[in-house]
Structures are given as C-alpha cells and as structure tokens.
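Worksheet: one structure, shown below.
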Protein chains: 2
Amino acid sequence: MTCSLKYAPQLRAQGLRMTPQRVAILHVLHHTGGHLSPTQVYEMAREEHPSLTEPTVYRTLEELAEKKFLLAAHVGNGKMVYELAENHNHHHLICRECHAEIQIDHAALEKLFKELESASGYRSIDSHVTFFGICPDCQK
Amino acid sequence: MTCSLKYAPQLRAQGLRMTPQRVAILHVLHHTGGHLSPTQVYEMAREEHPSLTEPTVYRTLEELAEKKFLLAAHVGNGKMVYELAENHNHHHLICRECHAEIQIDHAALEKLFKELESASGYRSIDSHVTFFGICPDCQK
DNA sequence: GTTAGTGCAAACCATTTGCAGAACG
DNA sequence: CGTTCTGCAAATGGTTTGCACTAAC
C-alpha cells in the first residue's frame with residue numbers, strides 16, 4: 001500500500017500529517033478511481049483501518065478537498081462525492097430513469113468554461129459537472 | 001392571489017388536486033421567481049397558510065417536480081432547490097468563496113447539450129446546471 | 001362517497017461539534 | 001514536546017414514513 005504514501009510529502013507541504021487513517025482513505029480513493037460518498041469511503045477504508053470513524057472520514061475528506069487533493073462534487077440527490085483531483089479529467093452524464101452514468105471528457109466543456117469566464121468575470125470555472133438525461137436503453 | 005389558481009386546471013389534468021397548501025406553495029415560488037429550498041418554501045408559505053407542515057412541503061415539491069411543474073436542482077452543498085419550470089431559462093454560476101451567484105443564459109449551453117446528445121446517445125439533456133468559480137470580488 | 005392530501009409524531013440518515021486523549025514530526 | 005489528528009458521544013438538521021383524519025371533486 002505504498003501507493004498512498006507517495007502523497008505524504010505533498011501533505012506535509014500543506015501542513016498536514018500523514019496518519020494511517022489518511023493512508024487508508026487515500027488508498028480507497030486511489031484504487032477505486034471514481035467518485036465516492038463519505039459513507040462509501042468510510043465502509044471501505046474501515047476494512048484497512050478498523051478503528052476508523054465517520055467523523056474522521058468527513059473531516060479528512062473536507063480537509064483534503066480544501067487543499068485541492070480531492071475534488072468535491074454533487075451527484076444526483078444531494079449527496080456529496082469525492083474523488084482524487086488527479087483523476088478528475090471528466091464529468092458525468094446520468095440517466096434520470098435508471099441512473100446509468102457515463103463519463104464526459106473534460107475537453108468537451110473546456111471551450112464553454114472559457115466562454116463563461118470571459119462573459120461573467122468569474123475565474124477558475126473547472127468544477128465537476130453532472131448532467132442528466134435519458135439513456136439509450138430507457139428511450140425504449 | 002389568484003395568480004396561483006391559474007395552475008389548477010393543469011394540476012387537475014395530471015390527477016392532482018388544488019389545495020390551499022398548494023396554492024400557498026405555488027404562490028411563493030411564483031412571486032420569488034428564483035430557486036428555493038424546501039425549508040425556505042416552508043417558512044414563506046407558512047405565512048400565508050399557517051397550518052402548513054414540512055412533510056407537506058416536501059411531498060408537494062416532489063410531486064410537482066415529478067409532474068414537471070417544478071424543476072429540481074442542486075446548488076452548492078448538497079441542498080435541493082426548486083423553481084417553477086416556466087421560469088427555467090437559465091443556469092447558475094456560484095462563487096466558491098462568497099457564494100455570490102449569477103445566472104447563465106440557457107442559450108450558452110444549448111450547443112453543448114446538442115453535442116453531448118449526439119456523442120452519447122442520451123436524450124433530453126436539459127437539466128439545470130450549476131457551475132462553480134471565483135467571482136470578480138473574491139479574486140481580490 | 002372515493003380518493004388524494006394533510007397533520008402529527010416519530011424515525012431516519014448524513015453530517016457536525018466539543019472535548020479529552022493519542023500520535024505525528 | 002507542541003500541534004495536529006482521532007475517537008467517542010452526542011447534537012444537529014434536513015428529509016422521510018406510518019397512520020388516522022380531513023377535504024377535494
């Protein structure tokens with residue numbers, strides 16, 4: 001599980017410490033590769049570090065997101081999900097009926113983001129976006 | 001407040017009844033014109049119909065959204081917001097720092113939606129989208 | 001009169017907080 | 001050692017559910 005330890009120096013650089021709890025959490029996010037809810041992270045990371053608690057997961061995810069190691073997004077019904085920032089090169093398109101989801105390449109939105117930035121004066125519009133539609137299967 | 005009663009025939013056409021509670025809820029959504037959380041709707045509509053309760057607000061909003069009278073979206077931290085579907089001709093851009101928000105005209109996204117539909121096979125991609133960035137003020 | 005809608009109370013679940021003790025560096 | 005981080009326990013807040021009663025049509 002040394003794969004998670006590679007983040008240690010970066011964490012230190014931000015004044016954060018590398019604890020076994022954080023190793024487990026980063027490990028989960030690193031190996032699943034996708035976006036996970038705090039509860040999902042908790043359940044999976046607990047297998048590696050059984051004494052892990054939910055408050056720790058929430059605090060860690062929030063902290064890591066604030067320091068830009070993770071990216072926070074909202075998928076569907078008000079649930080917060082996180083994924084490793086280094087994995088974030090895509091967005092999501094979710095079926096309103098069956099909740100099937102596919103990835104949208106970030107390149108498809110880059111031009112739009114640029115346009116929005118120059119039109120609005122806002123900067124750093126690069127957040128994760130979730131679109132909703134009806135997938136081919138559910139179109140009957 | 002007859003303005004809300006104009007929806008009565010449309011509701012009935014969908015098998016829904018027009019109650020004073022629904023009048024109050026529609027009234028609030030109609031006159032504020034923007035998106036509101038269930039709690040906000042509850043507090044404002046209660047002034048017009050004091051015996052209104054939260055469960056009724058949640059059930060009504062969900063029902064009306066399902067029947068396409070309202071549009072449900074997610075703004076910021078996992079909070080569900082609703083607005084009259086007839087008002088929905090825009091999207092939102094919210095500042096990550098101060099939460100200032102501006103509207104994005106739907107026209108700006110129409111081309112993207114078309115592209116996504118033909119690329120993915122998904123249909124009816126027209127949902128409300130919320131973007132995040134840093135507003136001019138917070139750029140210091 | 002039927003059926004949909006409401007109020008009430010309580011359950012539920014994700015998330016947050018305070019604080020004392022543990023542990024990283 | 002000092003400061004950060006964690007665990008515990010409990011509170012919080014938004015949202016949902018079951019059920020008996022009311023009201024719309």
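Chain letters run A, B, ... following the sequence lines, proteins first, then strands; residues in each count from 1.
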So, B:His35 and B:Glu101: side-chain donor and acceptor under 3.5 Å apart, yes or no?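 Side-chain D/A pair, B:His35 to B:Glu101: present.
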Any side-chain donor near an acceptor of the partner, B:His91 and B:Gln103, under 3.5 Å: no
Mind calculating the distance between [atom1] ([X]) and [atom2] ([N]) to the nearest angstrom?
X	N	atom1	atom2	answer
A:Gln14	D:dC5	CD	C1'	17 Å
A:Ile25	D:dC5	CD1	P	12 Å
B:Leu61	C:dT6	CG	P	11 Å
B:Arg22	C:dG7	CZ	P	11 Å
A:Met80	D:dG14	CE	P	16 Å
B:Tyr42	D:dT16	OH	P	16 Å
A:Arg46	D:dT6	CZ	P	16 Å

Any [X] side-chain nitrogen or oxygen under 4.0 Å from OP1 or OP2 of [N]:
X	N	result
B:Thr60	C:dT6	yes
B:Thr53	C:dG7	yes
A:Gln21	C:dC24	no

Indicate yes or no: does B:Lys114 engage B:Glu110 in a salt bridge with an N to O separation below 4.0 Å. no
To the closest 0.5 Å, what do you measure between OH (A:Tyr7) and CZ (A:Arg22)? 15.0 Å
Just verifying a value: how many Å separate B:Thr39 OG1 and B:Met80 CE, rounded to the nearest 0.5 Å?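 Between atom OG1 of B:Thr39 and atom CE of B:Met80 there are 12.5 Å.
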Tell me the side chain to side chain donor-acceptor pair (under 3.5 Å) pairs involving residues 50-61 of chain B, sequence neighbours left out? B:His49-B:Ser51, B:Thr53-B:Thr56
Hydrophobic cluster membership, A:Val23 vs A:Val41, 4.5 Å side-chain cutoff: yes
Reading DNA chain C from 5' onward, which residue's closest nucleotide shows up sooner: B:His49 or B:Gly15? B:Gly15
Locate the shortest heavy-atom distance separating A:Ser120 from B:Leu93; write the atom from each residue and the value.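 The pair with the smallest heavy-atom distance is OG-CD2, 3.5 Å.
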Between N or O atoms, less than 3.5 Å apart, protein on one side and nucleotides 23-25 of chain D on the other: list the pairs.
| unit_1 | atom_1 | unit_2 | atom_2 | d |
| --- | --- | --- | --- | --- |
| D:dA24 | N3 | B:Arg17 | NH1 | 3.1 |
| D:dC25 | OP1 | B:Arg12 | NE | 3.4 |
| D:dC25 | OP1 | B:Arg12 | NH2 | 3.2 |
| D:dC25 | OP1 | B:Met18 | N | 3.3 |

Identify all pairs in which a protein N or O lies below 3.5 Å from an N or O of nucleotides 16-21 of chain C, and state each distance.
| unit_1 | atom_1 | unit_2 | atom_2 | d |
| --- | --- | --- | --- | --- |
| C:dG18 | O6 | A:Arg59 | NH1 | 3.4 |

Using the benzene-type ring in the case of Trp, are the ring centres of B:Phe132 and B:His92 under 6.0 Å apart?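 No; B:His92 has its ring centre 6.0 Å or more from that of B:Phe132.
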